[in-house]
Amino acid sequence: AALGGAFVLKDDFASALLAWRAGIPERTGFAREAAGLFLTRSRKPARTKTHGAARFFALLDEQAPTDLHACFPVRPDEEARARTMLAGLPEPRIILAPSTTRPEKDWPSGHCRNLIARLARRGFATILVGGPGECARHATMYREPDITPAGRLLDLTGQTSLGELAALLKQVDLVVACDSGPMHLAAAVGAPLVALFGQTDPERSGPLDPGATIIRATTPCAPCLARHCGSTAACMDSIDPERVETEVLARLGRDMKKPD
């Protein structure tokens, strides 16, 4: 059946044009970058700093709730498959989701290798997660001579459905993630979370979980909201693995005494 209407949530010219070309009669979105030319009902983007999830309420002509939060239901069969995937891994179990759809938001591979090695020396297990397109990058994080997880690393990159990923996030002890889908999913299932932010602003795109720990870049340019740095972004490089390890230990209630 033909669509009667669409909310164009990405406020750019191309997205509004796509909805118009699809022949959708009612098109609601934000009038930005000349997108209003292809919308039948438009709203001006908020001029104040607003979380991305809250700003869309304007398209409904409603105020965003003050206690905005996300929720993602997980089925029992997905919970069961997640338990099977995690079976045999030592505790505590840490999920690491270091990749995004935009390379300037990724945590550098070298930092990931360093953190995985640090956690392995403490006896912690690390589970890598992400989409199929991130398999090659994630493999470089542990296939190195100095990385010896000894059964303390599980790479599930590209091997889970969305529901299975949500179940995994629920069942581990902590999640470390960049500004990404897995980060928001972790918040939606109530997983303990450490989120890494550089180029993007946690006040605009942070996890909808007041209990999440936010680690921000130390570079003066962050958050710039630009997309020109690519995988060489200095902001994400400035988030040191030892700093992340410190926050992981704090969230787990462990001290910083160095492992033997």
Are any non-hydrogen side-chain atoms of Glu242 and Asn114 less than 4.5 angstrom apart?
no
Could you tell me if the side chain of Met183 sits less than 4.5 Å from the side chain of Leu193, heavy atoms only?
yes
Should Arg75 and Glu78 count as an ion pair when the cut-off is N to O under 4.0 Å?
yes
Taking only residues two or more places apart in sequence, or in another chain, which ones meet Ala34 in a side-chain contact (heavy atoms from CB on, under 4.5 Å)?
Phe13, Leu37
Other members of the hydrophobic cluster containing Phe57, with the 4.5 Å side-chain heavy-atom rule, please.
Leu68, Leu208
Any salt bridge linking Arg43 with Asp61? Criterion: basic side-chain nitrogen under 4.0 Å from a carboxylate oxygen.
yes
Could you see if Leu169 belongs to whatever hydrophobic cluster contains Leu162? Use Ile, Leu, Val, Met, Phe, Trp, Tyr and a side-chain cutoff under 4.5 Å.
yes
Does Arg204 pair with Asp179 as a salt bridge, N-O distance under 4.0 Å?
no
Going by heavy atoms in the side chains, are Thr160 and Met85 under 4.5 Å from each other?
yes
Does Ser238 use its side chain to pair, donor to acceptor, with the backbone of Thr218 at less than 3.5 Å?
yes
Classify the ring geometry of His184 against His51: parallel below 30°, tilted from 30° to 60°, perpendicular beyond 60°.
perpendicular
Between Val176 and Ile95, is there shared hydrophobic-cluster membership here, with clusters defined by ILVMFWY side-chain heavy atoms closer than 4.5 Å?
no
Residues 4-13 vs side chain to side chain donor-acceptor pair (under 3.5 Å), sequence neighbours excluded, gives Asp11-Arg55, Asp12-Ser15
